[in-house]
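For ligands, and for the atoms within them, numbers begin at 1 and follow the listed sequence. The figures that follow rest on heavy atoms only: side chains count, while hydrogens, waters and symmetry mates do not. From a predicted model like this one, the values you see are computed outputs, not experimental measurements.
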Amino acid sequence: MKDISTLFASMVFNETVMQARLPKDIFKKLKKTMSLGKHLEPDIANSVANAMKDWAVERGATHFTHWFQPMTGTTAEKHDSFISPISGGRIIMEFSGKELVRGEPDASSFPSGGLRATFEARGYTIWDTTSYAFIKDGTLCIPTAFCSYSGEALDKKTPLLRSMEALDKQAMRILKLFSNTDAQRVNTTVGLEQEYFLIDKDLFLKRPDLIYTGRTLFGALPPKGQELEDHYFGCIKPRVSAFMKELDEELWKLGVYAKTKHNEVAPAQHELAPVFMNTNIATDHNQLTMELMKSVANKHNLACLLHEKPFAGVNGSGKHNNWSMGTDTGMNLLEPGETPYENAQFLLFLVAVIKAVDEYQDLLRVSAASAGNDHRLGANEAPPAIVSMFLGDELTDILEAIDSGSAYKGKVKSEVEIGVTVLPHFPKDATDRNRTSPFAFTGNKFEFRMLGSMFSAAGPNIVLNTAVAETLREFADKLEKSKNFNQDLATLVKETFHKHKRIVFNGNNYAGEWVEEAKRRGLSNLKTTVDALPAFISKKSVGLFTQHHVFTEPELHSRYEILLESYCKQLHIEALTMADMVRKEIIHFCISYQSEIAKLLEKKKTIGGKFDVSLEERLLERISTLTSCLLKKLDALENAIIEAKSDREITEKARFYRDNVFVAMSELRLISDELETITAKKYWTLPTYGEILFSVI
Ligand code: ADP
Ligand code: MG
């Protein structure tokens with residue numbers, strides 16, 4: 001392997017490359033545009049485009065693309081080559097500033113939720129100068145935002161950038177009140193821990209459910225699952241290790257700070273975490289990571305599953321969104337420091353987050369809602385659908401002391417006593433971990449743990465940034481008018497915590513009692529996607545997002561429609577796949593096996609009465625009973641699929657899928673899984689859970 005420091009970002013047109021390749025004044029202007037998010041002048045754009053093209057061509061690139069994130073949740077690209085004809089039938093490689101800054105893909109096939117009729121297909125992609133261009137697979141990729149002719153956002157990046165700006169604006173007002181004059185910008189930072197499954201590709205290709213839906217729709221549980229907990233942090237198998245090494249290298253080339261990798265709880269489950277970055281870049285990098293996980297896996301004859309619940313009975317996959325706010329001068333606004341109780345600025349930002357999470361708990365829930373994630377939330381492997389916050393003992397004690405007006409006695413930093421003299425003693429962290437909390441304070445950041453593994457990180461961060469921007473705005477409005485800053489600040493921290501402390505829960509979020517307790521506290525418990533989504537278009541939501549210019553009302557409504565549509569489509573595809581697999585494969589397995597047993601039974605009977613036929617008879621009876629039941633359930637599912645197609649308002653339609661189609665699917669699966677356990681292996685040719693989960697050695 002090449003030296004990592006040479007390899008790192010070798011395919012990224014980053015600041016070092018820009019500085020080396022651009023005239024000084026152009027570089028300076030571009031940098032200003034990048035750090036302050038200003039518009040790029042045409043002359044600068046031309047110069048940058050030319051340098052970018054030369055750099056890319058030297059590295060073997062032949063094409064360029066505007067790389068964007070439509071509302072499908074994945075990325076999109078349309079490649080154009082650099083070639084431009086000149087006289088004599090020859091070509092030159094060309095790339096103009098105009099092409100760099102703005103693209104115009106025919107956007108009619110991307111979901112727009114009614115924002116843009118297909119006959120008005122004009123969509124624009126605009127370079128996000130804060131995210132570097134990179135070369136992927138011989139193509140220069142320019143990270144862009146995607147909007148319609150009239151400026152409505154058609155992607156996930158535009159509102160994310162808007163929400164970062166909203167938070168910046170309000171957080172800067174607060175910093176000014178604390179006499180901070182150095183900082184010019186407050187960014188939100190994010191580190192995303194990505195979970196995934198890695199299975200053998202040959203087995204993957206034998207499972208239509210995995211191919212079409214990303215998850216297994218059938219499968220009896222194997223004798224061994226994750227109960228021994230021997231996979232978590234276990235020694236990494238050579239084939240997986242080879243995959244992880246190549247993935248790291250590919251990510252490093254693209255400037256992604258891939259840092260931590262380990263085995264996760266379920267067999268065949270793993271995790272990768274990069275070092276945190278500004279939110280828009282972390283989101284771009286996470287998209288690249290997911291894409292590369294799939295393509296690198298393929299090279300190793302593996303399949304990477306990013307679905308939230310590929311297998312029933314073992315843990316599903318999530319994405320942990322570690323979130324904080326920091327200034328361009330490097331100050332983390334959620335860093336408590338040695339003496340948090342004296343750190344008024346920290347306490348103010350902390351209660352701002354507490355208030356935001358309490359007031360907009362339903363929107364945070366919406367941001368983690370999808371058909372796939374419905375299988376996880378509340379299933380004792382992921383946080384429940386109830387949003388609450390973990391602060392840990394020290395911060396809770398401090399805030400409680402402020403609330404009750406008593407003096408905070410402080411904590412003596414203790415050492416952890418291990419009882420072995422050769423091991424060094426180390427100071428105890430202020431907070432222990434709480435793995436069950438949806439929103440946990442982890443030292444100097446919050447970890448939002450409800451995201452599904454397949455999610456774009458944009459959605460949850462749009463909500464989080466905007467909600468916190470709103471509380472900061474309220475705080476700034478109050479404090480800017482204050483005649484006695486210190487006193488009003490203290491009152492504000494105290495009152496805010498008092499009003500919103502119901503959202504703080506340091507206990508076990510998986511416990512049944514918590515559901516009751518949360519209800520008493522008046523916290524919302526939106527169990528499924530269909531329950532959660534309406535909050536997105538509520539009056540409160542429209543007020544929040546329009547006030548901070550993150551979404552217009554039509555944009556919110558269009559997204560609501562897209563989310564519900566995609567929920568219905570996902571379930572529809574799953575239902576069709578299931579019906580198809582039963583009809584074309586599972587029924588056939590059962591018939592073949594029954595026919596073998598029946599033949600033997602007949603033979604035994606023709607020979608005469610001396611053979612015991614109880615085994616054959618019992619098996620035949622059991623399989624026939626189950627197969628007739630299977631047929632009934634298949635009929636029920638097919639009827640539900642047909643009924644689901646009838647004309648309904650979209651929310652009604654989604655509800656129908658959840659209450660009828662999904663229920664019919666679960667019932668059909670139950671019978672099929674039972675049949676799998678009694679059918680001979682020779683006939684049940686679909687790869688089993690055991691084979692899939694333990695196939696990579
Ligand atoms: P764990 O599995 O214990 O939760 P990891 O080390 O796997 O922790 O992941 C922690 C993530 O939090 C990393 O991506 C890290 O870069 C990120 N992180 C650390 N500090 C910040 C911060 N200030 N803002 C956002 N993310 C952060
Ligand atoms: Mg974590």
Within a radius of less than 6.0 Å around CG of Asp137, do more than 12 heavy atoms belonging to other residues, nucleotides or ligands occur? no
Atoms in ligand 1 flagged as close to Val275, the criterion being non-hydrogen separation under 4.0 Å: 16 (O)
Just wondering, more than 12 heavy atoms not from Tyr257 lying within 6.0 Å of its OH? no
At less than 4.0 angstrom from any non-hydrogen atom of Arg435, what atoms of ligand 1 do you find? 3 (O)
I'd like to check which ligand 1 atoms, numbered from 1 as shown, lie under 4.0 Å from a non-hydrogen atom of Pro274. 13 (C), 14 (O), 16 (O)
Numbering as shown, the atoms of ligand 1 that approach Gly191 to under 4.0 Å (heavy-atom distance): 14 (O), 25 (C), 26 (N)
As an exercise, state the distance from CG of Leu175 to CD of Gln345, rounded to the nearest 0.5 Å. 5.5 Å
Which atoms from ligand 1 have a heavy atom of Glu447 less than 4.0 Å away? 4 (O)
Based purely on interatomic distance, does Glu193 place a nitrogen or oxygen under 3.5 Å from a nitrogen or oxygen of ligand 1? yes
Going by distance alone, is a donor N or O of one side chain under 3.5 Å from an acceptor N or O of the other, for Thr188 and Asn461? no
Indicate the ring-plane relationship of Phe243 and Tyr196, choosing parallel, tilted or perpendicular according to the 30° and 60° boundaries. tilted
By number and element, which atoms of ligand 1 are closer than 4.0 Å to a non-hydrogen atom of Asn332? 23 (N)
Based purely on interatomic distance, does Thr189 place a nitrogen or oxygen under 3.5 Å from a nitrogen or oxygen of ligand 1? yes
Find out whether Phe475 and Thr496 are in side-chain contact, i.e. whether some heavy atom of one side chain is under 4.5 Å from a heavy atom of the other. yes
